[in-house]
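Working notes, beginning with the structure itself.
Predicted model, so just to flag it, every value in this text is computed and none were measured.
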Amino acid sequence: MEKIENLMMNNFCKYKRLNEKKFEDVTKRNGLRKIDAEIIIFLSNSGEKDTAKDISATERFTKGHISQSVKRLAEMGFISINQDKNDLRVQHLKLEKPAQDVLNEMIEIKNSIDSCLFAGVTEEEEEILRRVSAKMYDNITNELEK
């Protein structure tokens, strides 16, 4: 039987490749990089967590890459950058109309990826995966904080 760590890494790598393949057309057509698309998706789901620092907290990208992407997205009109009224050091990021059009397409792609990923998986199995993944995430986070 294959070791769980190998299975997880193989699944992660294939999932990443699937995402890149499915998003390639929409990102190229709109002049976006992978990180730009990720930031648009993040901001669409983040609620009040709408700063570069909030994006950085996901630990998926470096602060430098986030900064470059935010600048690029603002120049393209996909996001606006607004100073916080109470703390001038804080800049809130807001999706603008051009981003919404691209986002709608990306949501469709994300839904198709999810359908592919969870085909044949029961709701119970999905919930178990969610719980186990959350525990593993907490374990890794705790170990990294030591």
Side-chain angles (χ1 to χ4, degrees), residues 5 7-123 125-146:
E5 63 208 56
L7 185 60
M8 288 173 40
M9 286 304 296
N10 290 340
N11 282 347
F12 174 75
C13 291
K14 286 216 180 225
Y15 177 75
K16 186 176 174 184
R17 280 191 15 232
L18 177 63
N19 267 292
E20 289 168 359
K21 179 181 178 183
K22 294 286 188 177
F23 278 94
E24 184 176 28
D25 182 53
V26 71
T27 54
K28 278 187 180 179
R29 199 170 359 95
N30 291 283
L32 299 171
R33 296 182 181 163
K34 179 182 171 241
I35 186 173
D36 301 335
E38 293 277 351
I39 287 175
I40 289 171
I41 292 169
F42 175 88
L43 290 173
S44 74
N45 295 314
S46 65
E48 292 185 20
K49 301 253 185 216
D50 61 356
T51 67
K53 184 177 182 178
D54 294 323
I55 297 167
S56 178
T58 67
E59 298 182 5
R60 294 175 70 180
F61 307 104
T62 66
K63 289 179 184 179
H65 286 129
I66 293 167
S67 177
Q68 291 172 3
S69 180
V70 165
K71 181 180 178 192
R72 186 172 42 255
L73 288 169
E75 288 170 354
M76 295 171 73
F78 284 92
I79 63 171
S80 57
I81 303 171
N82 306 298
Q83 293 289 158
D84 187 280
K85 293 177 179 117
N86 299 319
D87 187 346
L88 298 178
R89 298 170 297 172
V90 176
Q91 296 179 324
H92 296 280
L93 310 174
K94 180 182 175 229
L95 292 178
E96 296 298 334
K97 175 74 171 111
Q100 193 59 52
D101 296 336
V102 174
L103 177 63
N104 291 338
E105 192 173 352
M106 289 192 295
I107 288 170
E108 284 182 35
I109 293 168
K110 208 67 161 134
N111 289 340
S112 78
I113 291 170
D114 287 350
S115 293
C116 170
L117 189 63
F118 290 101
V121 177
T122 67
E123 286 183 26
E125 290 169 330
E126 189 175 335
E127 181 55 34
I128 291 168
L129 177 61
R130 193 178 322 279
R131 285 195 321 260
V132 171
S133 294
K135 286 179 183 181
M136 292 171 72
Y137 178 86
D138 289 343
N139 292 341
I140 292 168
T141 300
N142 291 335
E143 189 66 26
L144 288 171
E145 291 174 353
K146 286 183 181 178

Next on the checklist: Taking the side chain as everything from C-beta on, heavy atoms only, tell me whether D84 gets closer than 4.5 Å to H92.
Outcome noted: yes
Checklist entry - Looking at OG of S67 and CZ of F61, how far apart are the two atoms once the value is rounded to the nearest 0.5 Å? => result 14.0 Å
Item to check | Side chains of F78 and V102 in contact at under 4.5 Å (non-hydrogen atoms) | outcome: yes
Checklist outcome for this item: Rounded to the nearest 0.5 angstrom, the CD-NZ distance for E24 and K28 is 4.0 Å
Checklist entry - If every non-hydrogen atom of E126 is compared with every non-hydrogen atom of F118, which pair is closest and at what distance? => result CG-CE2, 3.8 Å
Item to check | Residue pair I39 / S69: nearest heavy atoms and the distance that separates them | outcome: CD1-OG, 3.4 Å
Item to check | Atom pair OG1 (T122) and CD1 (I128), whose distance is rounded to the nearest 0.5 Å | outcome: 7.0 Å
Item to check | From CA spacing to verdict: side chain to side chain contact (heavy atoms under 4.5 Å, CB included), I35, R72 | outcome: CA-CA 11 Å; I35 186 173; R72 186 172 42 255; 3.9 Å; yes
Checklist entry - Taking all atoms of both residues into account, what is the closest heavy-atom pair of T27 and A37, and its distance? => result CG2-CB, 3.9 Å
Checklist entry - Rounded to the nearest 0.5 Å, how far does CG of L7 lie from CG of N11? => result 5.0 Å
Checklist entry - Salt bridge between K94 and D50, side-chain N to carboxylate O under 4.0 Å? => result no
Next on the checklist: I'd like to check M106 versus I40 (side-chain heavy atoms, cut-off strictly below 4.5 Å). Are they in contact?
Outcome noted: yes
Checklist entry - Hey, are the side chains of K22 and L18 touching, using non-hydrogen atoms and a 4.5 Å cut-off? => result yes
Checklist entry - Any salt bridge (Lys or Arg N to Asp or Glu O under 4.0 Å) pairs touching residues 101-112, not counting sequence neighbours? => result R29-E105, K97-D101
Checklist entry - Hey, mind stepping through R130 and E127 against salt bridge (Lys or Arg N to Asp or Glu O under 4.0 Å) and telling me if it holds? => result CA-CA 5 Å; R130 193 178 322 279; E127 181 55 34; 3.6 Å; yes
Checklist entry - Do you know which two heavy atoms are closest between A52 and L93, and how far apart they sit? => result N-CD1, 3.9 Å
Next on the checklist: Any non-hydrogen side-chain atom of F23 less than 4.5 Å from a side-chain atom of L32?
Outcome noted: no
Checklist outcome for this item: Contacts satisfying salt bridge (Lys or Arg N to Asp or Glu O under 4.0 Å) that involve residues 37-48 (not counting sequence neighbours) are E38-R60
Checklist entry - Tell me the salt bridge (Lys or Arg N to Asp or Glu O under 4.0 Å) pairs involving residues 137-146, sequence neighbours left out? => result E143-K146
Item to check | Separation between CG of N19 and CZ of R17, rounded to the nearest 0.5 Å | outcome: 12.0 Å
Item to check | Side-chain touch I55/T51, heavy atoms, less than 4.5 angstrom | outcome: no
Checklist outcome for this item: Minimal heavy-atom distance between R89 and Q83, with the atoms involved, is N-NE2, 4.5 Å
Item to check | Heavy-atom pair with the smallest gap, counting every atom of I79 and V70 | outcome: CD1-O, 3.6 Å
Checklist entry - Are D54 and S46 close enough that some pair of their side-chain heavy atoms sits under 4.5 Å apart? => result no
Checklist outcome for this item: So NZ of K53 and CD1 of I66: to nearest 0.5 Å the spacing works out to 12.5 Å
Checklist entry - Can you tell if the side chain of M76 reaches within under 4.5 Å of the side chain of E96, non-hydrogen atoms only? => result no
